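Some notes on the structure that comes next.
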Amino acid sequence: AGNYEVTGIPPLIMSTHLLVPLHVKYIQGLGESKDDLAYHLTAHLRLNAIYWGLTALSIVNHQDALDRDEMIEFVMSCWDEEAGAFGAHPNHDAHILATLSAIQILVMQDALDRLDVPKVVKFILSLQQPSGVFAGDSFGEIDTRFSYCAVSALSLLGRLHELDIEKTTNYIIQCRNFDGGFGSCVGAESHAGQVWVCVAALAIMDRLDVVDVPTLAWWLAERQLPSGGLNGRPEKLPDVCYSHWALSSLAILKKLSWIDADRTISFILSAQDSEGGGIADRAGDMVDVFHTVFGIAGLSLLGYPDLLDLDPVYCMPAATIEKMGLRKDWQA
Ligand SMILES: CN(C(=O)[C@H](Cc1cnc[nH]1)NC(=O)OCc1ccccc1)[C@@H](Cc1ccccc1)C(=O)N[C@@H](Cc1c[nH]c2ccccc12)C(=O)NO
Ligand SMILES: [Zn+2]
């Protein structure tokens, strides 16, 4: 029995196909598991997880598998009126990460009319530090991830002109390392995730001129291992999510051809759970919605059949970004 009926694909060739019906069922099931501990231990990521689930469903063209009104109501229940921004869960403190996820969800659900745009723009701009980097919230933790959140959110709201682009770019320039990569702050080592947030932010600000493209593209291509998977830093294990961060960065730099696509595709497909659906960081590990979206996103970037295009800068469906006039001429 099991999933043979669901997918209609004989078990022996499970890992050579993306098991779309199973992944849709897995994502739909996430909201129902309120009784197990994992659900409550991840409350601080809830809004991010909804963005991850919605993006995964959109790329496999099943966006309507989750209830739109229920999702919008939950997003708005995370609005912190006093701060003028979103927390990751109702009654959690406002944070720029949750605020970006909320904006991404509202954009994808065509529900930006629910948002007090001037208030949220004020929150975002208030987080820029004298150095040019952004803090994540009023407690002041800084990270180039938060600079990305600010640039991406303002761009999605059509308010990028309110950002001091020179000041924001100057901080990212100081985070450049000798390997062409970027870290989380000045002096931090290069990491595929941080490379993506810095390169994507620079792309939105039209400042890719500050990137040493040949050196960085080489460092990114070096992330690919014999298994086909990519790691986040030298000597680390390959991981589906880092495949996405490195691949998106290469797509922005127009160097995706430097990767052996077929081997990465088989690495991602091998991380699927052919019983319950979902994708893990690598074959044999527990699946989660985070690696599910970044596995599907990686397949889309690599041209796996029957998937909608992903925009590598916003990590959202390309059609959505196109419709907002924010799409650059990326090589898919
Ligand atoms: C907090 N997170 C992480 O630290 C993960 C943990 C991990 C997953 N696989 C190996 N480790 N690491 C991670 O996301 O690293 C990639 C990264 C790091 C920095 C910047 C961008 C991407 C994950 C959640 C998580 C925790 C534990 C296990 C699986 C997922 C996470 O939320 N990552 C963030 C990182 C990130 C991606 N894009 C961003 C844009 C702005 C800010 C942050 C992010 C995220 O994806 N937000 O949408
Ligand atoms: Zn991972």
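Each ligand, and each atom within it, is numbered from 1 in the order the structure gives. These numbers were taken from a predicted model, which means no experiment stands behind them.
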**Asked** Between Tyr148 and Trp196, does the ring centre distance come in under 6.0 Å?
**Response** yes

**Prompt:** In the protein, what heavy atom is nearest to atom 40 (C) of ligand 1, and what distance, to one decimal place, separates them?
**Reply:** Tyr148 CD2, 3.6 Å

**Proximal atoms of ligand 1 relative to His291 (non-hydrogen, under 4.0 Å)** = 8 (C), 9 (N)

**Asked** What angle sits at the Zn ion (ligand 2) between SG of Cys241 and OD1 of Asp239, to 10°?
**Response** 90°

**Request:** Answer yes or no for atom 3 (C) of ligand 1: protein heavy atom present at a distance under 4.0 Å?
**Result:** no

**Request:** Kindly state if atom 27 (C) of ligand 1 has a protein heavy atom within a strict 4.0 Å cut-off, that is, under 4.0 Å?
**Result:** no

**Asked** Would a 4.0 Å cut-off, counted as strictly less than, catch a protein heavy atom around atom 32 (O) of ligand 1?
**Response** yes

**Message:** Quick check on the Zn ion (ligand 2): does Asp281 put an N/O/S atom closer than 2.8 Å to it?
**Reply:** no

**Message:** Surrounding CG of Asp36 (heavy atoms of other residues, nucleotides or ligands, distance under 6.0 Å), is the total greater than 12?
**Reply:** yes

**Asked** Does atom 46 (O) of ligand 1 have a protein non-hydrogen atom under 4.0 Å from it?
**Response** yes

**Asked** Can you tell me the protein heavy atom closest to atom 22 (C) of ligand 1 and the distance?
**Response** Gly193 CA, 3.5 Å

**Prompt:** Between Met76 and Leu106, is any pair of side-chain heavy atoms under 4.5 Å apart?
**Reply:** yes

**Asked** Which of these, Ile173, Asn177, Leu216, sits in a side chain to side chain contact (heavy atoms under 4.5 Å, CB included) with Phe182?
**Response** Leu216

**Request:** Would you kindly specify which portion of Asp239 sits under 4.0 Å from ligand 1, judged on non-hydrogen atoms: side chain, backbone, both or neither?
**Result:** side chain

**Nearest-option assignment for atom 39 (C) of ligand 1, heavy atoms, candidates Trp196, Phe294, Tyr242** = Trp196

**Item:** Proximal ligand 1 atoms for His191, defined as those under 4.0 Å from one of its heavy atoms
**Value:** 18 (C)

**Message:** With a 4.0 Å cut-off on heavy atoms, is Val197 in contact with ligand 1?
**Reply:** yes

**Complete:** Between His244 and Ala297 the two heavy atoms that sit nearest each other are CD2-CB, 3.5 Å

**Prompt:** By number and element, which atoms of ligand 1 are closer than 4.0 Å to a non-hydrogen atom of Cys241?
**Reply:** 8 (C), 9 (N)

**Heavy-atom protein contact below 4.0 Å for atom 6 (C) of ligand 1** = no

**Request:** Starting from atom 14 (O) of ligand 1, locate the nearest protein heavy atom and write down its residue, its atom name and how far away it is, to 0.1 Å.
**Result:** Phe290 CZ, 3.3 Å

**Message:** I need the minimum non-hydrogen distance between Ile72 and Ala111, along with the two atoms involved.
**Reply:** CD1-CB, 3.6 Å

**Asked** Which residue, Lys236, Gln224, Glu222, Arg223, forms the side-chain hydrogen bond (donor to acceptor under 3.5 Å, both in side chains) with Asn231?
**Response** Arg223

**Asked** Minimum heavy-atom separation for Val120 to Ala85, with atom names?
**Response** CG2-CA, 4.4 Å

**Prompt:** At what distance is the nearest protein heavy atom to atom 37 (C) of ligand 1, and which residue and atom is it?
**Reply:** Trp245 CH2, 3.1 Å

**Request:** Test Ile279 against every option in Val287, Ile296, Val293 by the side chain to side chain contact (heavy atoms under 4.5 Å, CB included) rule and name the one that passes.
**Result:** Ile296

**Residue and atom name of the nearest protein heavy atom (relative to atom 48 (O) of ligand 1), distance in Å to one decimal** = Trp52 NE1, 3.1 Å

**Prompt:** Is the distance between the ring centroids of His191 and Tyr242 less than 6.0 Å?
**Reply:** yes

**Prompt:** Is Ser101 close to ligand 1, meaning an N/O of one under 3.5 Å from an N/O of the other?
**Reply:** no

**Item:** Proximity of Asp281 to ligand 1 by residue part, where a heavy atom lies under 4.0 Å
**Value:** neither

**Fill in**
Of Cys315, Ser184, Cys149, Ser152, the residue with the heavy atom nearest atom 41 (C) of ligand 1 is Cys149

**Request:** Validate the cation-pi geometry between Arg46 and Phe74: distance from NZ or CZ to the six-membered ring centre under 6.0 Å, angle to the ring axis within 45°.
**Result:** no

**Prompt:** So which heavy atom in the protein is nearest atom 43 (C) of ligand 1, and how far is it from that ligand atom?
**Reply:** Arg145 CD, 3.3 Å

**Request:** May I ask you to say whether Arg327 pairs ionically with Asp311, meaning some side-chain N is under 4.0 Å from a carboxylate O?
**Result:** yes

**Asked** Aromatic rings Phe290 and Trp245: how do their planes relate, parallel, tilted or perpendicular, breaks at 30° and 60°?
**Response** tilted

